[in-house]
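Everything below concerns the one structure shown next.
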Amino acid sequence: MRLELRGITKRFGALVANDHIDLVVEPGEIHCLLGENGAGKSTLMNVLYGLYSADEGEIVLDGEVQDFAGPGDAMAAGIGMVHQHFMLVPVFTVAENVMLGHEETRGAGVLDLESARATVRDTAARFGFHVDPDQLVEDLPVGVQQRVEIIKALSRDARVLVFDEPTAVLTPQETDELMMIMRQLRDEGTAIVFITHKLREVREVADRITVVRHGKVVGEAEPTASDNELAALMVGRAVELTVHKEPARPRDNALEVSDLVVAQPDGQVVVDGVSFTVRGGEVLVVAGVQGNGQTELTEALLGLQEDVTGSVQLDGAELVGRSVRQVLDAGVGFVPEDRSTDGLVGEFTIAENLVLDRTDGPPFVRAGSLQLAARDDFAREKVQQYDVRTTGIDLPVGRLSGGNQQKVVLARELSRDLRLFVAAQPTRGVDVGSIEFIHQQVVATRDAGIPVVVVSTELDEAVALADRIMVMYRGKVVGIVPADTPRDVLGLMMAGIAPETSEGDAA
């Protein structure tokens, strides 16, 4: 099936998410739609899948203009979509999820589950999957859940298949397997749209590349294009992607974590006996697939988790049991993984956000009064120092782009008297240009002799920033290894397989 999008335009109020986008995907082709977060890629595919209605433009399949009232129409026309956030019912079995929405019955309206099981088995065998039709989805690893999504799409005779940021929750090995599946589908004649912002994956699997920026198609590229060329198309200017740093010069241990355990209110242990050290002047990156305890670990370091046992010592002082305020006052800077919820107040101005947790005394508060001149002078200085693109410090921070919002968080956290810097997913949802700047700030903090802990699910970022990498799996430390550890070894660690050699404190 040949897919053609003609002049697709989609508006949300004053925001033009898609601006007259043209796209052609041929049968037997992997067409990569490349762009930064917020560029309009997923919106375009949601229009194609019938989740949104276009304000202007046409969807054409094999020369016929389509009019989709919803996803059911799109699926009936031969379009399948594997969403970034899986559209599966956790308490249903694999077979039940596959048949959901187009249930077959036999006899007096009884669901024909055996037919669904056969579909799962046949499709799994075709691709060499190992999927049990009767297993509950909630009990499956993330990579297998994604295969269920693929089986679900193919069971509905999808001839155009959309993969929306499919590798976000996969290990490197699972990513490689997905690439093999995509190539097999392509070779069978399926037209594939692959949405991503990861340049390495684009060059590895794409037959053609279309780059989207601010809702518009800004160019096409060949898979032979370099990372720098693709990044320049995405951002609109030359970008330095390499993280430049000198060899680490570690000082004495500054952060020592011993037998840390974090439990949820229901009793589930999400951080299970974690121990590690970070010395001044080095970056320890905590790697792993999202959801393996990394979030709860960083929150425990900051005093944001309630049920915590074990020890967290910073320069010999115990932090477990202290309030968040006391932890911050001990010299800990923190970039949370969700800046909009935990890092900023969107309705507050840039100036107000820059002093959010610093209004308990001089220089911004004296005798109970906020010193506006001191605050505004500080804000103007930080806006310039951190290259925050804004019309002024009185602009509500929620109106800034994701990258500029993150710069505000960094400016606030790095401007305190730091003894430890913790950054959780510091470049998530951030444009390529801002990623360059954030990486520079992390390295500069490390070079100033401060211990740095970075949590990242992006393996390329982990390798680039780290002096050492600690991999977590199901709340435990699988191992702590040098940054130059091969990707395949790191990928196995992310699946819970310990390396042959690792630091003793990873036990």
Side-chain angles (χ1 to χ4, degrees), residues 1-12 15-36 38-84 87 101-102 149-150 152-166 181-197 202 205-223 233-234:
M1 181 181 285
R2 184 177 193 267
L3 167 67
E4 186 176 358
L5 303 179
R6 299 175 180 168
I8 298 293
T9 298
K10 179 61 183 175
R11 303 181 185 90
F12 297 96
L15 173 66
V16 182
N18 295 147
D19 190 354
H20 297 90
I21 288 183
D22 296 325
L23 184 72
V24 176
V25 186
E26 302 288 352
E29 173 184 73
I30 299 176
H31 196 126
C32 179
L33 198 58
L34 177 65
E36 298 182 309
K41 310 182 300 295
S42 294
T43 298
L44 182 67
M45 290 302 103
N46 285 332
V47 169
L48 169 64
Y49 197 57
L51 289 167
Y52 297 150
S53 296
D55 297 310
E56 300 176 33
E58 295 177 330
I59 298 171
V60 182
L61 296 176
D62 280 344
E64 294 187 11
V65 177
Q66 307 293 315
D67 183 16
F68 298 151
D73 291 346
M75 286 186 280
I79 296 172
M81 189 164 177
V82 178
H83 298 266
Q84 180 177 1
M87 301 292 188
H102 66 148
E149 283 275 26
I150 296 170
K152 185 175 164 185
L154 295 177
S155 72
R156 301 174 190 191
D157 195 27
R159 288 171 289 160
V160 174
L161 195 53
V162 178
F163 289 87
D164 186 3
E165 297 281 4
I181 293 166
M182 291 171 66
R183 292 188 190 99
Q184 185 175 343
L185 286 164
R186 174 197 63 192
D187 294 344
E188 294 178 0
T190 305
I192 295 177
V193 182
F194 177 33
I195 301 175
T196 187
H197 65 276
V202 171
V205 79
D207 296 310
R208 282 199 296 155
I209 302 168
T210 295
V211 182
V212 180
R213 184 171 73 240
H214 301 316
K216 296 182 179 181
V217 172
V218 294
E220 292 192 355
E222 296 297 323
L233 270 175
M234 290 168 65

Decide yes or no on side chain to side chain contact (heavy atoms under 4.5 Å, CB included) for V65 and I59, but give the supporting numbers first.
CA-CA 6 Å; V65 177; I59 298 171; over 6 Å; no
Given the rule in the side chain to side chain contact (heavy atoms under 4.5 Å, CB included) test, do M81 and N46 qualify, once you have shown the distances and angles that lead to the verdict?
CA-CA 9 Å; M81 189 164 177; N46 285 332; 3.6 Å; yes
Are L233 and L34 close enough, and set up right, to give a side chain to side chain contact (heavy atoms under 4.5 Å, CB included), and what steps lead you there?
CA-CA 9 Å; L233 270 175; L34 177 65; over 6 Å; no
Carefully, step by step, assess T196 and F163 under the rule side chain to side chain contact (heavy atoms under 4.5 Å, CB included).
CA-CA 9 Å; T196 187; F163 289 87; over 6 Å; no
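When all heavy atoms are compared, the tightest approach of I209 to H31 is C-NE2, 4.3 Å. Looking at every heavy atom in both residues, A153 comes nearest to L161 through CB-CD1, 3.6 Å. Nearest heavy-atom pair across F68 and L61 is CZ-CD1, 4.1 Å. In this structure, V212 and A39 approach most closely via the heavy-atom pair CG1-O, 3.3 Å. C32 approaches A206 most closely through the heavy-atom pair CB-CB, 3.7 Å. Smallest separation of non-hydrogen atoms from M45 and I195: CG-CD1, 3.0 Å.
Of the options I30, V162, D164, a side chain to side chain contact (heavy atoms under 4.5 Å, CB included) to F194 is made by I30 and by none of the others.
Counting heavy atoms from C-beta on, the side chains of L154 and L185 come closer than 4.5 Å. For the pair L48/I79, a side-chain contact is recorded, criterion being any heavy-atom separation below 4.5 Å from C-beta on.
Sorted pairs that involve residues 60-74 and meet salt bridge (Lys or Arg N to Asp or Glu O under 4.0 Å), not counting sequence neighbours, are lacking altogether. The stretch residues 185-196 participates, sequence neighbours left out, in these salt bridge (Lys or Arg N to Asp or Glu O under 4.0 Å) pairs: R126-E188, R186-D207. For residues 51-61, the set of pairs meeting the salt bridge (Lys or Arg N to Asp or Glu O under 4.0 Å) definition, not counting sequence neighbours, comprises R6-E58, R11-E56.
Under the side-chain hydrogen bond (donor to acceptor under 3.5 Å, both in side chains) criterion, D19 pairs with no residue at all, not counting sequence neighbours. Remark: T43 engages K10, F12, A17, N18, Y52 in a side chain to side chain contact (heavy atoms under 4.5 Å, CB included) (not counting sequence neighbours). Remark: V24 pairs with R2, E4, E26, R208 by the side chain to side chain contact (heavy atoms under 4.5 Å, CB included) rule, at least two apart or across chains. In this structure M75 satisfies the side chain to side chain contact (heavy atoms under 4.5 Å, CB included) test together with Y49, P71, R156, sequence neighbours excluded. For S155, there are no side-chain hydrogen bond (donor to acceptor under 3.5 Å, both in side chains) partners, not counting sequence neighbours. Annotation: side chain to side chain contact (heavy atoms under 4.5 Å, CB included) contacts of A54 (sequence neighbours excluded): I8, V47. With sequence neighbours left out, E165 forms a side-chain hydrogen bond (donor to acceptor under 3.5 Å, both in side chains) with H197.
The CG atom of L33 sits 6.0 Å away from the CG atom of L44 when rounded to the nearest 0.5 Å.
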